[in-house]
Amino acid sequence: MRRTVFNEDHEAFRETIRAFIEAEVVPVYDEWFAAGQAPREFYYKLGELGIFGINVPEEFGGAGLETHKFEAVLYEETARAGVQFGGSGVHVLLALPYIKMLATDEQKKRFLPKFVTGEEMWAIAMTEPGTGSDLAGMKSTAKLSEDGTHYVLNGAKTFITGGVHADRVIVCARTSAPTAEDRRHGISLFAVDTKSEGYSVGRKLDKLGLKTSDTAELAFVDVKVPVEDLLGEENKGFSYLGHNLASERWGIAFGAYAQAKAAVRFAKQYVQERTVFGKPVAHFQNTKFELAACQAEVDAAEAVADRATEALDAGELTPAEAASAKLFCTEVAHRVIDRCLQLHGGYGYMNEYPIARLYADNRVNRIYGGTSEIMKTIIAKDMGL
């Protein structure tokens with residue numbers, strides 16, 4: 001079936017990205033993998049390439065487009081090459097929507113030009129040790145100073161993707177205590193400068209997968225945050241956090257589909273080259289049947305991912321539809337990547353092969369952005385159950 005989600009502009013972008021990956025990423029990717037992060041300088045290259053500015057208004061140095069299709073191409077091309085662009089996905093997919101939605105004109109003039117060039121990399125800090133998905137239970141506080149010029153931020157965050165290299169972090173903290181009627185009341189968002197006194201990066205966390213994406217613990221000890229860096233209105237942060245869940249879950253869904261597609265590509269190439277008992281592994285019926293079944297699942301996931309992309313661009317992707325896309329695509333990717341690794345035999349367990357790294361990278365897709373169990377709960381509620 002012919003895909004209709006992409007046009008000539010997207011395919012031209014694909015060619016540019018594929019050439020960039022081959023020239024700038026593949027030759028050094030093993031070094032990034034061993035170091036546990038992409039180098040900070042790499043993000044300047046992404047800025048020069050225009051990746052960070054696609055959805056940024058032209059007046060701030062961006063392309064002024066309102067579409068997620070170029071991001072979709074990035075997901076497909078990085079997965080195809082078996083690489084990642086470090087923690088840059090959070091910069092665009094998670095942080096940018098909050099800036100566009102909540103920042104004042106003055107803040108946009110300060111933040112967005114540097115955002116586009118990669119001079120200021122952004123992350124978002126929600127999760128705290130001991131709270132996990134229970135954002136209403138966060139303990140970090142931001143108290144307004146007596147003279148009203150700044151907030152004093154104290155607390156800790158964990159699992160912060162992009163946290164090592166970030167220059168600005170959207171930090172969620174309590175500006176008021178929760179009420180008996182509403183535990184979610186009193187949370188506010190701040191665009192915190194990581195050079196601020198009292199701000200520190202703790203451990204760079206050693207993850208099962210996503211090895212080139214820097215993930216860290218953050219700590220705040222009496223960090224002074226100017227009132228000019230409050231994002232949106234005070235105490236309304238929790239409602240803001242739910243606003244971008246559909247796009248975040250779309251990103252995870254599309255990324256998972258792209259990984260599954262890449263896994264089939266890696267496995268097909270391997271079984272055609274690998275010889276056992278004097279014949280290519282691809283010669284055996286089991287191999288053909290396994291890859292055929294995987295391809296059928298990838299075709300279905302592609303249709304779901306493409307439909308979700310169109311709905312997101314049209315502003316029509318509902319929370320339940322986003323949950324459904326995430327649940328389906330991540331579960332498909334789980335099955336397909338596992339079967340494709342099996343076809344590699346013992347070599348599939350070696351990190352020098354992209355299928356092994358893909359297997360580890362994929363596992364978190366059913367956890368972050370809302371677990372598969374949470375997705376099922378959202379879908380069931382939408383069904384009236």
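The structure displayed is predicted, hence computed values, not measured ones.
Distance CE/Met375 to CZ/Arg366: 13.5 Å, rounded to 0.5 Å. To the nearest 0.5 angstrom, Asn7 atom CG is 4.5 Å from His10 atom NE2. Summarising the geometry, atom OG belonging to Ser213 is positioned 10.0 Å from atom CD belonging to Gln37; distances are rounded to the nearest 0.5 Å. How far CD of Gln259 is from SG of Cys329: 11.0 Å, rounded to the nearest 0.5 Å. To the nearest 0.5 Å, the span separating CZ on Phe20 from CD1 on Ile51 amounts to 6.0 Å. Cys340 contributes atom SG, which lies 6.0 Å from atom CG of Leu291 (distance to the nearest 0.5 angstrom).
Inter-residue side-chain proximity for Phe115 and Met121 is flagged as unmet; no heavy-atom pair is nearer than 4.5 Å. In this structure the side chain of Ile170 reaches within 4.5 angstrom of the side chain of Trp122, judged on heavy atoms. Looking at Arg40 and Asp167, their side chains come closer than 4.5 Å, going by heavy atoms from C-beta outward. A heavy-atom distance below 4.5 Å is not found between the side chains of Val304 and Tyr257. A 4.5 Å side-chain heavy-atom check between Arg339 and Cys294 finds at least one atom pair inside the cut-off. Taking 4.5 Å as the limit, some side-chain heavy atom of Arg249 sits within range of a side-chain heavy atom of Ile378. Annotation: side chain of Phe6 is not in contact with side chain of Phe13 (no heavy-atom distance under 4.5 Å). In this structure the side chain of Thr215 never reaches within 4.5 angstrom of the side chain of Leu210, judged on heavy atoms.
Within the cation-pi definition used here (under 6.0 Å to the ring centroid, within 45° of the axis), Arg357 does not qualify as a partner of Tyr353.
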Item to check | Derivation of the side-chain contact (heavy atoms from CB on, under 4.5 Å) call for Lys143 and Thr175 | outcome: CA-CA 6 Å; Lys143 297 181 179 180; Thr175 43; over 6 Å; no
Checklist entry - Should Glu233 and Tyr240 be marked as a side-chain contact (heavy atoms from CB on, under 4.5 Å) after you check the CA-CA gap, both sets of side-chain angles, and the distance that decides it? => result CA-CA 10 Å; Glu233 295 184 43; Tyr240 299 146; 3.6 Å; yes
Next on the checklist: Does His243 form a side-chain contact (heavy atoms from CB on, under 4.5 Å) with Met101? I'd like the steps, not just the answer.
Outcome noted: CA-CA 9 Å; His243 187 81; Met101 176 178 68; 3.0 Å; yes
Checklist entry - Step by step, would you call Lys139 with Thr141 a side-chain contact (heavy atoms from CB on, under 4.5 Å)? => result CA-CA 6 Å; Lys139 305 297 184 183; Thr141 60; over 6 Å; no
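Asp361 places no side-chain N or O within 3.5 Å of a backbone atom of Gly209 that could act as its donor or acceptor partner. Thr377 contributes a side-chain N or O that, together with a main-chain N or O of Glu373, makes up a donor-acceptor pair within less than 3.5 Å. Not a single donor-acceptor pair under 3.5 Å links the side chain of Lys211 to the backbone N or O of Trp32.
When only modelled atom types and interatomic distance are considered, Glu128 and Thr158 share no side-chain donor-acceptor pair under 3.5 Å. Side-chain polar atoms of Thr212 and Gln84 form a donor-acceptor pair below 3.5 angstrom. Side-chain atoms of Asp338 and Gln342 form no donor-acceptor pair, as typed in the model, at a separation below 3.5 Å.
Classified by interplanar angle (parallel below 30°, tilted 30° to 60°, perpendicular above 60°), the ring pair Tyr270/Tyr347 is tilted. By the 30° and 60° cut-offs, the orientation of the rings of Phe254 relative to Tyr75 is tilted. Using a 30° and 60° split on the angle between ring planes, Tyr199 and Phe220 fall in the tilted class, from 30° to 60°.
Other residues, nucleotides and ligands contribute more than 12 heavy atoms inside 6.0 Å of the CD atom of Glu66. The number of heavy-atom neighbours closer than 6.0 Å to CD of Glu106, taken from other residues, nucleotides and ligands shown, is above 12. Atom CZ of Phe111 has more than 12 neighbouring heavy atoms from other residues, nucleotides or ligands inside a 6.0 Å radius. Within 6.0 Å of CZ on Arg184 lie no more than 12 heavy atoms contributed by other residues, nucleotides or ligands. Shown here is Lys204, whose NZ atom has more than 12 heavy atoms of other residues, nucleotides or ligands within 6.0 Å.
For the side chain to side chain donor-acceptor pair (under 3.5 Å) with Asp229, the lone residue among His150, Arg110, Gln107 that qualifies is Arg110. Among Thr194, Asn154, Leu153, Asp193, the single residue meeting the side chain to side chain contact (heavy atoms under 4.5 Å, CB included) criterion with Val223 is Leu153.
When ring centroids are compared, Tyr151 and Phe190 come within the 6.0 Å threshold. For an aromatic pair to be called close, the ring centres must be under 6.0 Å apart, and Phe42 with Phe85 satisfies this.
Listed by chain and number, the residues in a ring-ring contact (aromatic ring centres under 6.0 Å, His included) with His185 amount to none (sequence neighbours excluded).
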